[in-house]
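Encoded as structure tokens, the structure appears first; notes follow it.
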Amino acid sequence: MSQSVTIEAEKPVKPVPTAIDLREEFESSGVKDVLAELDRDLIGLAPVKKRIRETAALLLVERARKRMGLAHETPTLHMSFTGNPGTGKTTVAMRMADLLHRLGYIRKGHLVSVTRDDLVGQYIGHTAPKTKEILKKAMGGVLFIDEAYYLYRPENERDYGQEAIEILLQVMENQRDDLVVILAGYAQRMDRFFESNPGFRSRIAHHIDFPDYTDDELFRIAETMLGHQNYHLDRPAADAMVGYIAKRRTQPHFANARSIRNALDRARLRQANRLFETANGPLDAEALSTISAEDILASRVFTMPGNKAAGLGKGDQ
Ligand SMILES: Nc1ncnc2c1ncn2[C@@H]1O[C@H](COP(=O)(O)OP(=O)(O)OP(=O)(O)O)[C@@H](O)[C@H]1O
Ligand SMILES: [Mg+2]
């Protein structure tokens, strides 16, 4: 019986660098570009942007330490994003996925956004396969769980949500080098959720709070959104928009930047109708891209009482 001995070809050993230029890494990894885009595209959110810059710095240093053979541990990157509706949580989560991908912490950098219904089944035996299917889709990227507290229903003893929670906790622990989970929702409910689910709290390293936008920030968000679509407000329309924001904030279902996006969709609809009905000759680009005061002032928001008990329709959010 002959014994075969395999002699492995010597692999070239990558030399350990003696020094790493963090600035150079910052630029060549593309992290600099992601942060610059974040700064440019998103109005306000100063505390959020600061936390993201800090996280990026930590990860760049971790990466450099790893390459130098210093003690390192894959950092826990699971996060929670708390804030009111329309404060930019989903938008920032997508940027975060891109950032983590460029830093090499996740293979693909995609974001899978889910709510309770995507993870939890209606019948016995349905939850585990549903949750696992979503986890499979999210591997190598970010799993974003919106209104995560709905996973936990203490009033229902036999709730299937518990099963999903257990699977999530296991994967968050064992596969944290290949999947980042971001839990999102209102701050108070999220706090209560963490109190009842200490397993989640201990697996989440970064809590980022998204403040409500100020009136001025909402106005700048409106201008930015319109700019991206090649529209602009004329002077009286800008004044009307300032009034709109102040009023809208006091009304039900106010949803920060989302309310602005919806208001602008309706303003463009009114502008189109106005042009269609009044134009009696060719229209130039300026006319086609100008929002006038009347396109804003026709909103129901101006005739509604500033009282949260009064109901606005879903489309007015
Ligand atoms: N700082 C910002 N600058 C510009 N646009 C913004 C900003 N924040 C949010 N937006 C825009 O507002 C809309 C709502 O944002 P997003 O969906 O990220 O909010 P959210 O916090 O996830 O809301 P929800 O809780 O309702 O899911 C999006 O169209 C987004 O592009
Ligand atoms: Mg969202």
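Ligands are counted one by one from 1 in listed order, and the atoms in each one are counted from 1 as well. Any value given below was found using the heavy atoms of this structure, including those in side chains, with hydrogens, waters and symmetry copies removed.
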Do you see a donor-acceptor pair shorter than 3.5 Å between the side chains of [X] and [Y]?
X: Arg220; Y: Tyr213; result: no
X: Thr76; Y: Arg203; result: no
X: Ser289; Y: Asn230; result: no
X: Ser299; Y: Arg266; result: no
X: Glu286; Y: His232; result: yes
X: Tyr160; Y: Gln162; result: no

Worked check of side chain to side chain donor-acceptor pair (under 3.5 Å) between Asn256 and Asn84: CA-CA 8 Å; Asn256 285 279; Asn84 287 327; over 6 Å; no
Between [X] and ligand 1, find which residue part has any heavy-atom pair under 4.0 Å and reply side chain, backbone, both or neither.
X: Leu45; answer: side chain
X: Arg261; answer: side chain
X: Thr90; answer: both
X: Met225; answer: side chain
X: Phe210; answer: neither

Report the nearest protein non-hydrogen atom to [atom]: residue, atom name, distance rounded to 0.1 Å.
atom: atom 25 (O) of ligand 1; answer: Lys89 NZ, 3.0 Å
atom: atom 18 (O) of ligand 1; answer: Thr91 OG1, 2.5 Å
atom: atom 7 (C) of ligand 1; answer: Tyr213 OH, 3.4 Å
atom: atom 23 (O) of ligand 1; answer: Gly86 N, 2.8 Å
atom: atom 3 (N) of ligand 1; answer: Ile43 N, 3.1 Å
atom: atom 24 (P) of ligand 1; answer: Arg258 NH2, 3.3 Å

Asp146/Lys89 ion pair, N-O < 4.0 Å: no
Basic-acidic side-chain contact under 4.0 Å: Asp265, Arg261: no
Metal check, the Mg ion (ligand 2) vs Thr90 N/O/S, cut-off below 2.8 Å: yes
For [X], is the nearest heavy atom under 4.0 Å from an atom of ligand 1?
X: Asp146; answer: yes
X: Asp41; answer: yes
X: Gly83; answer: no

Option set Ala257, Ala184, Gly44, Ser259, criterion heavy-atom distance to atom 6 (C) of ligand 1, minimum: Ala257
Backbone or side-chain N or O of Pro85 under 3.5 Å from ligand 1 N or O: no
Contact check: Gly88 vs ligand 1, nitrogen or oxygen atoms, below 3.5 angstrom: yes
Test of ring centre spacing under 6.0 Å for Phe194 and His207: yes
Aromatic plane relationship, Phe144 with Phe81 - under 30° parallel, 30 to 60° tilted, over 60° perpendicular: perpendicular
